[in-house]
Amino acid sequence: MDVSHILDGLNDAQRNAVTAPVDRHGLILAGAGSGKTRVLVHRIAYLVEVENISPYRILAVTFTNKAASEMRQRAEQLLERIGAGWWMGTFHGIAHRILRQHASAANLPEGFQILDSEDQLRTIRRLLKILELDESRWPPRQIQSYINSKKDEGLRPHALGQGSDPFQRKMIDIYHHYEDHCQRAGVIDFAEILLRAHELWLNQPDILAEYQQRFSHILVDEFQDTNRIQYAWLRVLAGHQAKLFVVGDDDQSIYGWRGARIENIQQFPRDYSESLTVRLEQNYRSTGNILRAANAIIQNNVERLGKELWTSAGEGVPLDLYAAFNEVDEARFVVSRIQQKVAEGHQRQEFAVLYRSNAQSRVLEEALLQAGVPYRVYGGMRFFERAEIKDALAYLRLIKNRDDDGALERVINTPTRGIGEKTLNTIRQQARAQQYSLWQAIAAVLETNQLTTRAAGALSAFMHLINQMDEEARSLTLGASVALVLESSTLFDFYKHQRGEKAQSKLENLEELVAAAEQFGTEISEEELPLDPLTEFLSHAALEAGEAQSDDWEDAVQLMTLHSAKGLEFPFVFLCGLEEGLFPHAMSAEDPLRLAEERRLCYVGITRAMQQLTLSHAESRRIYGKEVFSRPSRFIRELPTECIQEIRAQAKMSRPVYRSSQEAIVVDKQQEYSLGQGVFHQKFGEGVILNYEGEGARARIQVQFKSAGSKWLIAEYANLQAI
DNA sequence: CGCCGCAGGCTTTTT
DNA sequence: GCCTGCGGCG
């Protein structure tokens with residue numbers, strides 16, 4: 001068989017990785033832009049076509065659905081076949097699949113449902129009410145991150161001991177209650193998926209053996225992002241027979257704050273002493289100057305596995321550095337640069353504007369809006385996270401599982417059907433006293449006639465509605481069931497009769513949900529069908545929340561945080577807000593480990609750029625409504641001066657803070673000024689117009705003078721000369 | 001039941 | 001400065 005297509009076009013390091021001995025573990029240190037996905041996909045093809053390993057014996061794990069589907073697509077292309085039965089997916093997707101297959105062995109009900117982060121937070125809030133704990137003393141978000149971080153470390157409440165202080169004790173106690181609560185409701189959160197799957201294997205050796213016999217090769221993408229439980233899960237599965245082929249870059253580990261352990265990749269060569277390490281250092285993305293900057297930055301970190309990117313392409317243009325007066329000036333600079341380049345014939349989607357925190361996007365958006373430049377902001381609400389979609393899904397969840405209290409609370413009065421807080425509290429109390437689910441409690445409360453006729457009527461109508469939906473949906477396709485639920489719950493009508501753009505878009509989203517269900521229903525029936533389509537669809541919605549923005553194919557500038565930029569590349573990259581306190585963020589500057597992660601984040605940002613990288617920092621910036629003056633980021637100082645070119649601002653002094661400089665201050669026909677303009681005053685000398693109030697002759701103008709400082713002057717008398 | 005006003009919080013994000 | 005959640009009022 002001709003296998004040249006698998007090895008042709010690979011560089012030496014890539015080929016070494018792809019053809020690494022099949023009986024050894026492999027660690028592939030893949031620098032940014034070094035062809036990481038390529039190596040993974042070609043390794044799979046190599047195993048299958050050269051080593052004759054059945055694709056069914058290969059497991060490929062990624063973090064995101066996007067990465068998983070890209071890998072699948074490219075593998076199908078290279079192997080020229082449809083890989084319907086191949087195990088390629090995210091950690092959560094694969095663990096979930098295993099749990100579905102062995103639900104009862106994992107001590108889960110057949111139709112267990114998945115809580116996304118928002119569901120989890122709501123669950124915690126409800127739990128706090130039940131436990132009569134004050135949210136201000138026990139912040140739900142803090143509890144959520146506590147529980148998740150413990151689960152990420154593989155720790156159950158009983159493994160946490162008694163707790164060293166009252167706070168810890170309470171946290172452990174809440175964690176305990178939370179577990180009971182979820183178990184009873186038949187729901188599991190994201191972290192629980194991994195933890196359960198791990199425990200399933202530890203507790204059921206025969207089930208583990210089944211998987212161990214099946215998989216001979218386990219490939220892992222973005223290995224530097226694995227947390228403790230993920231690595232433990234991989235190690236258990238690999239056992240003594242399967243070989244791990246892990247690909248990652250310790251220099252791009254930027255998710256420590258959500259449990260990722262850079263130690264996993266650092267220690268891999270020690271954990272598997274017989275493993276082979278291959279470094280991919282040739283970069284096919286960026287210019288020499290960009291790589292020089294990236295290498296220089298990352299060299300300031302210690303305990304690296306070590307790697308230096310190089311390119312056979314030229315040096316390219318130097319990096320530009322712009323010192324802005326403030327964030328408005330910075331945004332204007334970025335936008336005018338983009339406009340210039342677009343005028344030269346570049347497409348807008350070639351430009352990415354990156355920033356450390358989401359709050360920075362607003363000013364950039366305003367500047368783009370003002371300039372009429374189309375843009376797209378990454379992040380934000382995803383399709384299956386929208387409130388109206390989650391309302392609809394909650395009905396579907398309730399159909400599947402009446403004990404899902406979260407789903408019930410969500411829809412019992414949505415749209416309003418006369419079941420108020422008072423009635424609900426009676427139900428909650430009943431549920432709590434009898435250890436019932438809310439659904440069971442409703443039935444009990446109705447039996448004992450504790451309620452007014454009106455409330456009782458509304459409640460039994462609700463129960464009837466859900467039961468009716470359940471019954472009718474049984475004989476329908478997935479798409480038709482969803483449509484039915486939207487009709488009979490009156491969710492459709494609710495938004496149809498509401499006016500305004502918001503209601504309109506919600507209605508459209510609900511229609512899209514029906515379409516999504518229809519499509520999902522037809523797609524899934526073609527593959528083997530382990531469960532009923534509705535359960536599958538609900539899991540799909542939780543595990544794959546969809547795109548944040550609908551596919552808008554308009555050519556647009558891309559705005560995103562540095563974190564979301566990981567894995568992407570753009571010809572022109574702007575890295576904004578390079579200031580101490582913002583980047584590195586003040587919350588990370590003290591701790592050397594966190595600072596190192598900020599530096600890796602900077603490295604990630606720099607290596608996104610293909611042709612030209614422009615850095616900027618602002619002397620002052622509004623943060624939480626206050627004006628803050630900051631020093632340029634230490635990361636700027638860590639760059640080699642010879643590859644940086646400083647862009648000088650036109651004026652020398654502070655520019656207006658609040659308003660656009662295009663705004664004209666008209667005093668009279670002869671006198672007209674603009675913000676940022678240089679002026680001369682008889683007494684105070686030279687200055688720059690900072691701000692103004694009012695208009696005409698009586699306008700007050702604020703001028704920052706070189707020697708006399710800032711003054712407010714009446715336009716009529718100031719007699720300012722433009723300079 | 002739903003709207004409005006006020007107080008407090010606030011890095012980064014996927015599953 | 002802006003969003004969220006809660007409490008009060010109509």
Side-chain angles (χ1 to χ4, degrees), chain A residues 61-68 89-96 114-122 125 129 134-136 139-142 144-145 148 151-152 188-195 197 222 225-227 229-230 253-260 327 354-363 366 378-382 384-385 413-424 458 498 539-548 560-567 577 581-589 594 597-598 600-602 604-605 621-628 658:
Chain A
V61 197
T62 65
F63 273 85
T64 65
N65 292 298
K66 199 175 147 203
T90 62
F91 277 101
H92 290 84
I94 286 162
H96 169 253
I114 300 165
L115 298 184
D116 68 13
S117 308
E118 195 218 344
D119 299 331
Q120 183 186 33
L121 192 65
R122 282 169 177 262
R125 289 217 162 99
K129 285 218 176 78
D134 185 4
E135 282 198 12
S136 55
R141 285 186 185 281
Q142 202 180 332
Q144 182 179 31
S145 77
N148 287 340
K151 288 189 178 185
D152 285 347
I188 64 176
D189 59 52
F190 288 132
E192 184 77 25
I193 294 176
L194 301 173
L195 187 51
E222 305 276 19
D225 288 337
T226 51
N227 61 30
I229 195 73
Q230 285 160 337
S253 163
I254 55 173
Y255 288 114
W257 51 275
R258 66 176 202 210
E327 77 279 15
L354 310 183
Y355 37 81
R356 176 68 237 270
S357 64
N358 286 309
Q360 287 169 256
S361 78
R362 238 195 60 234
V363 180
E366 278 166 12
Y378 278 62
M381 273 278 163
R382 324 262 294 283
F384 285 109
E385 290 169 354
N413 206 30
T414 313
T416 47
R417 50 172 68 85
I419 302 170
E421 204 53 32
K422 214 177 135 226
T423 313
L424 262 171
Q498 257 179 42
S539 303
H540 166 82
L543 289 174
E544 200 163 342
E547 283 290 308
M560 69 193 83
T561 62
L562 286 156
H563 282 91
S564 354
K566 197 175 130 195
L582 188 60
F583 190 34
H585 199 277
M587 288 186 126
S588 305
R594 299 180 70 180
E597 184 159 304
E598 295 278 314
R600 294 194 290 268
L601 190 56
C602 186
V604 166
R621 179 184 297 276
R622 285 187 146 245
I623 292 171
Y624 304 141
K626 266 207 200 93
E627 195 171 6
V628 178
Y658 308 105

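In what follows, every chain begins at residue 1, and chains take the letters A, B, ... in the order their sequences are listed.
Between A/H96 and A/S539, the side chains place a donor N or O and an acceptor N or O closer than 3.5 Å (distance only, hydrogens not considered). In this structure, a donor-acceptor pair under 3.5 Å is present between the side chains of A/N148 and A/Q120.
With values rounded to the nearest 0.5 angstrom, A/N65 atom CG is found 7.5 Å from A/L543 atom CG.
The distance from atom CZ of A/F91 to atom C1' of B/dT13 is 16 Å, rounded to the nearest whole Å. Straight-line distance from the CG atom of A/L115 to the P atom of B/dT14: 19 Å, rounded to whole Å. Computed from coordinates, the A/K626 NZ to B/dC10 P distance equals 15 Å when rounded to whole Å. Atoms CZ (A/R141) and C1' (C/dC3) sit 11 Å apart, rounded to a whole Å. Here the P atom of nucleotide C/dG5 and the CZ atom of A/R122 are 9 Å apart, to the nearest Å. Rounded to a whole Å, the CZ atom of A/F63 is 13 Å from the P atom of B/dT14. The CD atom of A/E385 sits 10 Å away from the C1' atom of B/dT14 (whole-angstrom rounding). In this structure, A/F384 atom CZ and B/dT14 atom P are separated by 16 Å, rounded to whole Å.
Aromatic stacking of A/W257 on B/dT12: satisfied, with centres closer than 5.5 Å and planes within an angle under 30 degrees. Taking the 5.5 Å centre cut-off and the 30° plane limit, the aromatic side chain of A/H585 is classed as stacked on B/dT11.
B/dT12 and C/dG5 are spaced 24 Å apart, taking the C1' atom of each and rounding to whole Å.
At the heavy-atom level, A/S136 lies nowhere under 4.0 Å from the strands shown. Here A/D116 lies out of heavy-atom contact (under 4.0 Å) with every strand. Heavy atoms of A/N65 sit under 4.0 angstrom from primed sugar atoms or phosphate atoms, though from no base atom. A/E135 comes within contact range of the sugar-phosphate backbone alone, with a heavy-atom separation under 4.0 Å but no base atom that close. Across all strands shown, A/E598 has heavy atoms under 4.0 Å from base atoms, whether or not it also approaches the sugar-phosphate.
Note on A/N358: every side-chain N or O is 4.0 Å or more away from OP1 and OP2 of C/dC2. Proximity of A/R125 to the phosphate of C/dG5: a side-chain N or O atom is located under 4.0 Å from OP1 or OP2. At B/dT15, one or more side-chain N or O atoms of A/R382 fall inside 4.0 Å of OP1 or OP2 (strictly under the cut-off). OP1 or OP2 of B/dC1 has at least one side-chain nitrogen or oxygen of A/N413 nearer than 4.0 Å. For B/dT13, the OP1/OP2 oxygens have a side-chain nitrogen or oxygen of A/T561 closer than 4.0 Å. OP1 or OP2 of B/dT14 has not a single side-chain nitrogen or oxygen of A/R258 nearer than 4.0 Å.
A salt bridge is absent between A/E597 and A/R594: the closest approach of a Lys/Arg side-chain nitrogen to an acidic carboxylate oxygen does not fall below 4.0 angstrom. With respect to the salt-bridge test (charged N to carboxylate O, under 4.0 angstrom), the residues A/R382 and A/D116 do not qualify.
Between A/L562 and A/G418, the residue whose closest nucleotide on DNA chain B is further toward the 5' end is A/G418.
Nearest nucleotide to the A/Y624 side chain, out of B/dC10, B/dG2, B/dT13: B/dC10. When each of B/dG2, B/dT11, B/dT15 is scored by its nearest atom to the side-chain atoms of A/T416, the top-ranked nucleotide is B/dG2. Which of B/dT15, C/dC2, B/dT11 sits closest to the side chain of A/M587 comes down to B/dT11.
Between A/A458 and A/I419, the closest heavy-atom pair is CB-CG1, 3.7 Å. Taking each heavy atom of A/S253 and A/R600 in turn, the nearest pair found is O-NE, 2.6 Å.
The glycosidic torsion of B/dT11 lies within 90° of 0, placing the base in the syn range.
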